[in-house]
Amino acid sequence: MYEQIGIWLAAFFTLAIYSFLYKENPVYRFAEHVVVGISLGYFMVYTYNNVLEPRLVRPLFVEGQLGLIPIMLLGLLYITRFFRSVSWLSRYPIAVVFGMAMGLSFPRTMLSMVLRQAEATVIPIYRTGYAWHDVLGSVIIIVGTLTALIYFFFSKPHKGWFFGTGSKIGIWIIMIAFGATFGFTVMGRISLLIGRVQFLLTDWLHLIE
Amino acid sequence: MAENNSIWDKLFNMDRRWIFLLMAVVVIIPFFFKMGLPINTTDEVEGIYNYVDSLEQNDAVMIGFDYQPGTMAENQPMSEAVMRHCFARKVPVFITAVLPLGNGLAEEAIANLTDPDEPGTFQRVRYREWHSYDYGQDSLPSRVTHDQLVNLWERDHQLREDAMGWVFEGVDYVILGYAPLFHIVLLGMGRSIVSQYPADLYGNPTENMPMVKRNKSAREVDLGVTVAGSSAVLWWLTYAHESYGMPIAFGVTAVMATDYLVYLQSGQIVGQMGGLRGAAEYEVMLKRDGYSIEEGKAFRGMDVQSIAHILIVILIVVGNVAYFAGGYHRKGRRLRAGR
Amino acid sequence: MRRTIPLLIVMVGGIMMMIQFFIPHQISQAVFGLYTDYVPVIAGFALILGVGSLTRVHYHKVRRRAENWQYSLLVIFFLYLMPVFGIILPASLGGQAEEPSVFHFLYRWVQIPIQSSMFSLLAFYIASAAFRAFRARSAMATVLMLAAVIVMMGQVPIGDYLGKWFPALGLWILRHPNLGGKRAIQLGVGFGILATNLKIIFGVERNWLGGAGR
Amino acid sequence: MLSLRATVPAMVLFAMAGNVLAQQGAGVLAPPGEVTVSDVPNDGGDQLLVCFEPSPDDERVNSYTVYRRMQGEGDDAWRPVRVLFPGQGTSFVDGRDPDYSVRPGQIYEYRVTALSESGEATGPVYVAEEAADGEWFNTNKVRILIGCAVFLGLIFFFFSKAQSGDKLYLRPIPGIEAIDEAIGRATEMGKPILYIPGLSTISDVATIASLTILGRVAKKVAEYQTPIMVPNRNPIVYTVAEESVKQAYLEAGRPDSYDPDSVFFLTQSQFAFVAGVNGIMAREKPATNFYLGMFWAESLILAETGSLSGAIQIAGTDAVTQLPFFITTCDYTLIGEELYAASAYLGREPKQLGAIKGQDYFKALVMLIIFGTLVLGILDVLANTDLVAWLDHLVTSPAAG
């Protein structure tokens, strides 16, 4: 029963959103505002139930771990954000969370996003058993990365055989890469539409299995 | 020329809602004609599949539901496919989420895989049900394995006829759910899972769960699969893989797929599913090896996807032909055609 | 007090965690443990910011009877309806335990469909833009579109009917030239993150302080 | 790896029921052998590497349980620290289990029990001669430390250089010319300019970059007396944008021609914002559209509408997924880092410029490594050497454990 009501409700909202394709209208606006409220409300509930309750409220108020009081007070400082005269206090919890997160990120990002990527470009051009397109592939990975980096290098003008030619090759490589992104993005958006049509045709209208 | 231009002008200035309508028709009609076009599998997806296929009940997998409902059409089939694979191989699954919305999606995935009205699904037993059950003189081992529990449980319970097998909450899966600052949670789980998640989504204490007893920290988890519609996957890479060596696989939306192949080539991840196509490949392999009785939504969607791509390509070609034939490229542009 | 101490906290915390990474000793592990155990709890409170500012924006709209203020009322209503059904009164639809809760019902049948539909709107706009705006204006744009078409057709099963080499070519583009270009871009992103980390730790970038208490 | 071990053939061995069985009948399980314990390097002193020799009847064993007690404790102190199943090997790192943590400096004793269908067999007790010891530096992370230090050094070097007033060279970025040209065109046509500073928050790097460029554009606009429209989605970005446009009019010496309605807040919801901007484009027919900042799915809808209206469009973002759409629909696109560079170039804030320079030089190092790979790779093919493998070995950081 409830599932049936739910499906009809979902179908209504799906069509309400699609009505935007025809024209912006009150039904669309209704759906859009409903989702703004619900999604943040959902967030609120889950943060309380899954984080604050088991990790703060229960240990502090039920089990009596008083050491958590400073943590709670620090967290509550976020509220000061809404009172102009004391809003600077909200910077304290932000600073604690933010500063350490930045420090945490620095060496790890250096490793996983910079060093590992540089390492992965150090590959042999030819190994026994490589087909011609594999060799070409390795060369393109190495040259492609190098030249695309040259394109984004700002300390030298794009002139001469290294920086001039390099940046030209680089931009072509980047364009091919963007082409791949383009193709995949189109694919992704269509997949999402297919998902909705699948819902409408299967769960709502029962037109297909 | 002027006459010619007016035709193209009309074409370009026609109401775009006609094109919208065309698109709608193209994605609706093919649903009524099942083509079932074959899909070839690629190394990227086989990497994950073969990895999971090498695991068994003493290992463990962690799946991150790191997407929002918005990209559900692409991501949900991926997480369901990997989860089905794990359930069929009895590999315990830890479920986490970078966003609170992931919790609901995880619940929905479990519900789909254990739907009693569908053949080929699993029969679910909730934690409280089997944990507080009276097993007679046999006591329940605290680190009970899937097989041991099935033996005990089947004395009094019968598996549904068309089901693939049992799934016990707390032994075969646990929804740990969302926690804020998930990258720190990942790091913390490297020390202990219970410290980060004292209770699961339903408030059951995790420290009593056999699968948590057998895999106390994320170091003991053999594969992390992050299914995502955002760059949250990089958190897994940086904070789980590079910090304590958890093998990682990506399931990403098509929009992101091309960006993250670099991590496959660098050997930082074991495989990647990209978009609906990636999910469809996984479904094909599941069916091939008998883990499912038919392919899922992703595979069925790929037929429609084919037709829609053809439409887009035709539109691009016609649009450009018209653009150049109509001489628009010469008109009134003072800037040199840039990039 | 207002700026210096928060900036100092950021600097000390940042440098501490940076060094911590290289030190495996127990003391350093203990610092790290304290951080992973308690900071997520503090971060949980950040929710106040989101809920508070949304409430404020829409409350003002309603009070001023701004254009379309009725919709703002709707936002506030649903925003606070969720916690009522989720925390205070976790009631199920018909009162029985097996039935889904109102909270879950709203999520599953209202939020999921709206969000998924919103994202899928783009498929229509892509179709329209494909016809009217994606132009081979230059050699580079031409290359981009050519690669796009090959990759697009290579990804769908029907591409196989154009010849086996076709999907293979699509994959080759994906695995080699795409990889080279993307790696350079990703490296750039990496440098950007690193520089931002440092700029924030050492107080060069102070946007996070916000306008608060200026 | 240094590993000292001592064996204590304890009496316990014979007391164990499993072992008595083992000696009685054929086909009964033989106990596992020697246990070796060594300190794990680069840890906090809370881990020990424990290896044991498997039972001679390994193929029949269902699982091994490793027990541990502190030296000097009694028989009831044995705790099962780890269960290993077939395929999981016969070694593990003790101390990773949060329930059985290893104390630094403590000497432990170990014994292993094998379990099979026919019973269990326990091996002798071994005393570990090595205790867990914590280190002050993780030697596996030397390369990361070098990387971090070099990056830090470069950034600070250029910070100080920028502050001391040295002129830092940045190559000309073609996008900047295009921006000026586009403003000129709007002036000639007497039509307004539309500038969208992205849809993200102020904390986004792209938004900050965009706001800097907005200041420069607004100044030019003020000089030319061309109307400008800046719709906003984020309330905070809106206030900053308003501020910087006002400031630009002041700097251009025309504070009175500043129109307070030119910068405005549209709406926070994504698609309603798009609908609003599309409406503006249809009504006002701007000659030039700037889309600079962070964009998501809306990029395509905006750029399509703009391209149909015949406006010159200049885009710039670091959102890789949106760039292809901008490239195919706009006249000029600033790609990723070009946007940051353009902003640093136009903004002329010394430290931002310094940061760009620092990153650039680190980039040069990476380029050097890759160029080295190319050269050595060719050499490898020609001379049949193995130099790339050597370089790879040189730069690769050990994997995390």
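Throughout, protein chains are lettered first and strands after them, A, B, ... in sequence-line order, and every chain is numbered starting at 1.
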ask   = Do any N or O atoms from the side chain of C:Arg175 and from the backbone of A:Gly137 form a donor-acceptor pair under 3.5 angstrom?
value = no
Are there over 12 heavy-atom neighbours, none belonging to [X], within less than 6.0 Å of that residue's [atom1]?
X: A:Phe162; atom1: CZ; value: yes
X: C:Glu67; atom1: CD; value: no
X: A:Tyr130; atom1: OH; value: yes

Below 4.5 Å, heavy atoms only, C-beta onward: do [X] and [Y] meet side chain to side chain?
X: C:Ile5; Y: A:Tyr92; result: yes
X: C:Phe105; Y: A:Ile5; result: yes
X: C:Pro83; Y: A:Tyr48; result: no
X: A:Leu192; Y: C:Leu122; result: no

Find the one option among [options] whose heavy-atom pairs under 4.5 Å with chain C are most numerous.
options: A:Gly183, A:Ser39, A:Gly103; answer: A:Gly103
options: A:Ser105, A:Pro93, A:Gly188; answer: A:Ser105
options: A:Ile190, A:Val86, A:Leu68, A:Ile7; answer: A:Ile7
options: A:Leu77, A:Ile194, A:Ile174, A:Asn49; answer: A:Asn49
options: A:Val139, A:Leu136, A:Ile150, A:Val197; answer: A:Leu136
options: A:Ile173, A:Leu21, A:Ile142, A:Leu149; answer: A:Leu21

message = Is there a side chain to side chain contact (heavy atoms under 4.5 Å, CB included) between A:Phe182 and C:Val151? Walk through the geometry before answering.
response = CA-CA 9 Å; A:Phe182 186 110; C:Val151 168; over 6 Å; no
Heavy-atom distances under 4.5 Å only: say whether [X] touches chain C with side chain, backbone, both or neither.
X: A:Ala11; value: neither
X: A:Ser85; value: backbone
X: A:Leu76; value: both
X: A:Ala16; value: neither
X: A:Phe82; value: both
X: A:Arg196; value: side chain
X: A:Val51; value: side chain
X: A:Glu53; value: neither
X: A:Tyr46; value: side chain
X: A:Met110; value: both
X: A:Leu52; value: side chain
X: A:Phe199; value: side chain

For the student: nearest non-hydrogen atoms of [X] and [Y], plus distance:
X: C:Arg3; Y: A:Arg91; value: CG-NH1, 3.5 Å
X: A:His133; Y: C:Trp172; value: O-NE1, 3.2 Å
X: A:Met113; Y: C:Ile193; value: SD-CD1, 4.1 Å
X: C:Ala147; Y: A:Gly179; value: CB-CA, 4.1 Å
X: C:Ala43; Y: A:Val97; value: N-CG2, 4.3 Å
X: A:Val35; Y: C:Ile114; value: CB-CG2, 3.7 Å

query = Is there any side chain to side chain donor-acceptor pair (under 3.5 Å) pair reaching into residues 174-189 of chain A, and which pairs are they, with sequence neighbours excluded?
reply = A:Thr181-B:Thr258, A:Thr181-C:Lys182
Atom [atom1] in [X], atom [atom2] in [Y]: separation rounded to 0.5 Å?
X: A:Ile38; Y: C:Met82; atom1: CD1; atom2: CE; result: 5.5 Å
X: C:Leu47; Y: A:Thr47; atom1: CG; atom2: OG1; result: 5.0 Å
X: C:Ile76; Y: A:Leu40; atom1: CD1; atom2: CG; result: 12.0 Å
X: C:Leu144; Y: A:Trp172; atom1: CG; atom2: CH2; result: 10.5 Å
X: A:Leu104; Y: C:Met17; atom1: CG; atom2: CE; result: 5.0 Å
X: C:Ser117; Y: A:Tyr28; atom1: OG; atom2: OH; result: 10.5 Å

Just so I understand: if I count every heavy-atom pair under 4.5 Å between each of [options] and chain A, which residue has the most?
options: C:Leu121, C:Val156, C:Leu179, C:Val39; answer: C:Leu121
options: C:Gly180, C:Ser72, C:Gly190, C:Ser128; answer: C:Gly180
options: C:Phe119, C:Tyr38, C:Phe191, C:Tyr35; answer: C:Tyr35
options: C:Asn197, C:Val12, C:Ile15, C:Asn178; answer: C:Asn197
options: C:Thr196, C:Leu198, C:Leu7, C:Val189; answer: C:Leu198
options: C:Tyr125, C:Tyr71, C:Phe124, C:Phe78; answer: C:Tyr71

request  = Could you check A:Phe178 against C:Val143 for side chain to side chain contact (heavy atoms under 4.5 Å, CB included), going step by step and ending with a plain yes or no?
outcome  = CA-CA 10 Å; A:Phe178 280 156; C:Val143 168; over 6 Å; no
request  = Taking the six-membered ring for Trp and the single ring otherwise, decide whether the centroids of C:Phe45 and A:Tyr78 are under 6.0 Å apart.
outcome  = no
inquiry  = So that I know where these two stand, are C:Phe103 and A:Tyr42 an aromatic pair - ring centroids less than 6.0 Å apart?
reply    = yes
A:Tyr18 and C:Ser120: side chain donor to acceptor below 3.5 Å = yes
Check whether [X] gets within reach of chain A through its side chain, its backbone, both or neither, counting any heavy atom under 4.5 Å.
X: C:Ile126; answer: side chain
X: C:Ile201; answer: side chain
X: C:Thr36; answer: backbone
X: C:Met118; answer: both

task = Report the C-alpha distance between A:Met72 and C:Ile42 in whole Å, list the side-chain angles of each, state the deciding distance to 0.1 Å, and finish with yes or no for side chain to side chain contact (heavy atoms under 4.5 Å, CB included).
result = CA-CA 7 Å; A:Met72 187 180 73; C:Ile42 301 175; over 6 Å; no
